[in-house]
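By convention in this document, chain letters (A, B, ...) are assigned in the order of the sequence lines, proteins followed by strands, and residues within each chain are numbered from 1. Every value quoted in this text rests on a predicted model; they were computed, and no experiment measured them.
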There are 2 protein chains.
Amino acid sequence: MKKKPIVNCTEICQVRIQAINDAMSVLSGKWKFHILGTLIEGDKLGFMDLMREIEGIGTKMLSKELQDLEMNQLITRTVMNTKPVTVQYAITKHGKTLEPIIKELAKWGAAYRDSMTAS
Amino acid sequence: MKKKPIVNCTEICQVRIQAINDAMSVLSGKWKFHILGTLIEGDKLGFMDLMREIEGIGTKMLSKELQDLEMNQLITRTVMNTKPVTVQYAITKHGKTLEPIIKELAKWGAAYRDSMTAS
DNA sequence: TCAGGCAGTTTCCTAGAGGAACCTGGTTTC
DNA sequence: GAAACCAGGTTCCTCTAGGAAACTGCCTGA
């Protein structure tokens, strides 16, 4: 009995897969959510501010991820002409659209931890 | 001028970081969202059904990710005693709590794609 | 002048994520 | 008996994400 061809993926399914891939390509990596979450909370942070807030991240990763996020227009980077040059990172309007996702994710993570420690 | 000690991370920040780490430890990887999304949409799917729905995944990854998800109680695996043994994967009540996140993620991904192609 | 802060960059290294292909073992249809 | 379908497991291989540590360059206050 011949089975339907390999490609019987429904269209809504295809669309969802592509959408999730798009989102993940921008948000992949260990640190993006943390950086975005931090910048959503406290706007205008410097490089060292972020280092202090995001426990565990190193300078290389932070700088690389910041570049990624800037390239994708989720954050902005402005160099201030102060005496020791400082830089301000801030979330963009576009980046703010991620707030619900990050909030949900954090909420779910906390609930998950509770449910695990309970059992 | 001495700066405040390294650890001046606010508490809400620490909590968020831990929550996001918890969530990511369970949801990390290229395929978990796809699998969960597919199982939320159509309940009770077999191994080959999932292969067909999730374009691009291979047997190794699918089987490994399914084990992970089952271990974390997000899906169930039931072996049916049919003539050629079939298996049914389904989402759990717990797994369903991820629905808002996955929906949001897919929504965001689609919107992101639109905004990128527009510019 | 020298330690320390800011903002990174560069190099080196390794574990693990993930793909391709092949194998098993049972069953049913042609 | 050959071919095909289900449900995986196994092996081999590659690539890169990510950490550690060291270095740069500028500025400032003690």
On the nucleotide dC6(C), are OP1 or OP2 found under 4.0 Å from the side-chain N or O atoms that R52(A) carries?
yes
Once you round it to whole Å, what is the distance between C1' of dA7(C) and CG of N81(A)?
16 Å
Identify, residue by residue, the members of residues 59-78 of chain B with a heavy atom below 4.0 Å from DNA chain D, and return them in order of residue number, or none.
T59(B), K60(B), S63(B), Q67(B), R77(B)
Separation of dG9(D) atom P from M51(B) atom CE, nearest Å, is 13 Å
Residues which pass side-chain hydrogen bond (donor to acceptor under 3.5 Å, both in side chains) with K60(B), listed by chain and number, not counting sequence neighbours:
none
Provide the full list of ring pair (Phe, Tyr, Trp, His ring centres under 6.0 Å) pairs with a residue in residues 36-89 of chain B, sequence neighbours left out, each pair given once.
none
CE of M48(A) versus C1' of dT9(C): gap in Å, rounded?
12 Å
For T86(B), all residues meeting side-chain hydrogen bond (donor to acceptor under 3.5 Å, both in side chains), sequence neighbours excluded:
T82(B)
Taking C-beta and beyond as the side chain, do R77(A) and Q88(A) meet within less than 4.5 Å on heavy atoms?
no
Set of residues satisfying ring pair (Phe, Tyr, Trp, His ring centres under 6.0 Å) with respect to Y112(A), sequence neighbours excluded
W108(A), H94(B)
Atom CD1 of I57(A) and atom P of dA20(D): how far apart are they, to the nearest Å?
12 Å
Which pairs, with at least one residue in residues 85-98 of chain A and sequence neighbours excluded, count as a salt bridge (Lys or Arg N to Asp or Glu O under 4.0 Å)?
none
List for me each residue that meets side-chain hydrogen bond (donor to acceptor under 3.5 Å, both in side chains) alongside T78(B), sequence neighbours excluded, and say none if there are none.
none
Under 3.5 Å, which donor-acceptor pairs do the side chains of residues 28-41 of chain B form with other protein atoms, sequence neighbours left out?
from   : atom 1 : to     : atom 2 : distance (Å)
K32(B) : NZ     : S28(B) : O      : 2.7
H34(B) : NE2    : N21(A) : OD1    : 2.9
T38(B) : OG1    : H34(B) : O      : 2.7

For DNA chain D, determine which residues of residues 25-36 of chain B have any heavy atom closer than 4.0 angstrom to one of its atoms, and list them numerically.
none
It should be established whether Y89(A) places a side-chain nitrogen or oxygen under 4.0 Å from OP1 or OP2 of nucleotide dG8(C).
yes
